[in-house]
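Take a look at the structure below.
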Amino acid sequence: MQKLTTQTEWIQRARAVLPASGFGNFDAGIVIARGEGSHVWDEDDNEYIDYLIGSGPMLLGHGDEEVMEAVLEQLPKGMTFFANNAQGIALAEAIVDAVPCCEQVRFVTSGGEADMYAIRLARAYTGKSKILKFEGGYHGMSAEAQMSLAPARAVNFPTAVPDSAGIPQGVADEMLIAPFNDLEAVASLLSEHDDIAAIIAEPLQRIIPAAPGFLQGLRALCDKHGVLLIFDEIVTGFRLAYGGAQERYGVTPDICTLGKIIGGGFPLAALGASVEIMAHFDKAHVGAEKWLMQLGTLSGNPVAAAAGLKTMEILRRPGQYDRLRALGQSLMDMQTMALTEAGIAHRICGDPTLFDIYFTSHDVKDYRSAKHLDPQDNATWNASLREQGIFKSPGKLYPSLALTESDLHQTKEAFRNAAVALASSKWVNA
């Protein structure tokens with residue numbers, strides 16, 4: 001059946017009503033019509049193997065039958081209440097059972113919101129104001145999170161550089177920036193400043209792994225200086241392991257944030273910590289002056305909670321994470337083989353559950369070293385993959401449990417062809 005509206009027409013309509021023609025998330029030049037399993041289709045019915053998976057939430061793939069059944073069972077009972085509901089309470093119990101640092105949780109709607117409240121909670125608990133974050137670390141869209149996320153110019157640490165207009169200088173004054181994987185720099189800052197409330201870190205910073213001992217070192221330094229450690233596990237929670245990076249790396253933070261997978265594809269996120277820290281959300285317990293006000297119209301939404309609960313139940317089944325890691329390792333190996341055979345310098349960076357390529361011959365350890373020798377190489381690589389039906393972010397590849405052997409075979413051929421195309425482009429431009 002012929003579509004009534006083509007993708008080009010949808011893009012034109014978007015241009016009129018959306019700034020920069022999009023939602024601010026992804027390439028506005030593609031409009032996704034539907035997803036099923038490990039595949040998505042655009043509005044012109046072009047089919048792609050999906051390695052974006054909604055930027056992480058769709059670990060089981062699109063339209064998982066069991067998740068859909070749970071959602072459809074909840075829908076007739078009510079879509080939202082702005083009140084406690086059984087699905088949300090059960091989801092909180094499941095998170096507390098799974099995540100080492102969580103004795104209690106509070107629900108919000110987005111990961112950025114969770115990170116914002118985690119920072120505010122650390123300040124409320126400690127009575128201190130400064131936050132130490134790592135250059136290049138992504139923690140959502142709050143004013144604090146937008147400090148030195150992707151600075152175009154290198155400044156001396158610990159100066160914070162705003163990555164967005166509209167942020168007052170006062171926010172920068174309360175932020176300290178350090179290079180990732182540099183314990184010496186962190187130790188120096190903690191020794192110089194006695195007003196640091198918390199260190200916030202992605203245990204896997206974008207796709208940059210923590211160096212051996214780095215996370216353990218952060219934990220020890222925080223304990224020594226009376227500073228809280230916040231793990232942003234919006235991406236890594238229930239992806240690196242069922243208990244997240246805390247389980248995978250054996251380091252327990254004071255506060256963590258969770259999102260993406262716990263909502264099963266619906267808008268839901270959470271932050272969690274000990275009962276003592278989380279008490280700041282209870283006015284009757286801490287009093288008006290120490291109370292942290294938090295509410296949200298859709299926080300703890302029962303439909304999202306039902307989807308998250310079923311997703312987590314499926315992930316608890318034996319062999320799920322072994323399979324996810326095997327799929328990811330296979331994809332990593334395919335890329336290494338294709339690029340090595342084509343003679344292209346590269347580093348595959350990340351974890352088998354989340355990774356991508358830097359076209360460089362240098363090791364990648366922090367934001368400043370996480371650069372392509374020639375950014376055009378990355379653009380050429382990703383464009384070639386898109387043309388061959390591979391749908392991914394320009395800087396990340398998310399494996400999902402919905403991938404099939406046929407998907408892997410097609411992806412392997414796409415990697416080989418993209419490597420040949422990249423080698424040819426470099427020869428032409430030489």
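Owing to the predicted nature of the structure, the values given are computational and were not obtained by experimental measurement. Throughout, residue positions are numbered sequentially from 1 according to the sequence presented.
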Closer than 3.5 angstrom, by distance alone: can the side chain of [X] be matched with the main-chain N or O of [Y] as a donor-acceptor pair?
X: Asn85; Y: Gly300; answer: yes
X: Gln246; Y: Cys101; answer: yes
X: Gln74; Y: Gly78; answer: yes
X: Arg106; Y: Ala270; answer: no
X: Ser148; Y: Val161; answer: yes
X: Arg325; Y: Leu240; answer: yes
X: Gln146; Y: Gly140; answer: yes
X: Ser188; Y: Glu184; answer: no
X: His225; Y: Ser191; answer: no
X: Arg239; Y: Gly56; answer: yes

Look at atom [atom1] of [X] and say whether more than 12 heavy atoms of other residues, nucleotides or ligands are closer to it than 6.0 Å.
X: Asp97; atom1: CG; result: yes
X: Met68; atom1: CE; result: no
X: Trp10; atom1: CH2; result: no
X: Glu192; atom1: CD; result: yes

Find the distance between [atom1] ([X]) and [atom2] ([Y]) and round it off to the nearest 0.5 Å.
X: His280; Y: His285; atom1: NE2; atom2: NE2; value: 8.0 Å
X: Leu422; Y: Asp377; atom1: CG; atom2: CG; value: 5.0 Å
X: Asn301; Y: Thr80; atom1: CG; atom2: OG1; value: 4.5 Å
X: Asp356; Y: Lys396; atom1: CG; atom2: NZ; value: 10.0 Å
X: Ser274; Y: Gln104; atom1: OG; atom2: CD; value: 8.5 Å
X: Leu190; Y: Leu218; atom1: CG; atom2: CG; value: 9.0 Å

Taking only Lys NZ, Arg NE, NH1 and NH2, and the carboxylate oxygens of Asp or Glu, determine whether [X] and [Y] approach each other closer than 4.0 Å.
X: Arg123; Y: Glu174; value: no
X: Lys365; Y: Asp182; value: no
X: Glu135; Y: Arg368; value: yes
X: Arg386; Y: Asp27; value: yes
X: Glu313; Y: Arg316; value: no

Pair listing, ring pair (Phe, Tyr, Trp, His ring centres under 6.0 Å) test, anchored in residues 240-267, at least two apart: Phe238-Tyr242
Among pairs that include at least one residue of residues 134-169, which meet ring pair (Phe, Tyr, Trp, His ring centres under 6.0 Å), considering only residues two or more places apart or in two chains?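 Those involving residues 134-169 are Phe134-Phe180, Phe134-Phe214.
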Using a 4.5 Å cut-off on heavy atoms from C-beta on, say whether the side chain of [Y] contacts that of [X].
X: Leu91; Y: Leu268; result: yes
X: Leu324; Y: Leu59; result: yes
X: Tyr117; Y: Ile255; result: no
X: Arg219; Y: Thr252; result: no
X: Glu144; Y: Met175; result: yes

Would Thr236 and Glu233 count as a side chain to side chain donor-acceptor pair (under 3.5 Å) if you check the C-alpha gap in whole Å, the side-chain angles of each, and the deciding distance to 0.1 Å? CA-CA 5 Å; Thr236 58; Glu233 292 230 48; 2.6 Å; yes
Output, in order, the C-alpha distance, side-chain angles, deciding distance and verdict of side chain to side chain donor-acceptor pair (under 3.5 Å) for Asp407 and His39. CA-CA 9 Å; Asp407 293 333; His39 290 228; 2.6 Å; yes
At their closest point, which heavy atom of Ala185 faces which heavy atom of Pro179, and how far apart are they?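 Looking at all heavy atoms of both residues, the shortest contact is CB-CD, 3.9 Å.
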Ring center gap for Tyr358 and His372 short of 6.0 angstrom: yes
With Lys371 as the cation and Tyr367 as the aromatic partner, state whether NZ or CZ is under 6.0 Å from the six-membered ring centre and within 45° of the axis.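 Lys371 over Tyr367 ring: yes.
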Hey, are Ser369 and Asp366 close enough side-chain-wise for a donor-acceptor pair under 3.5 Å? yes
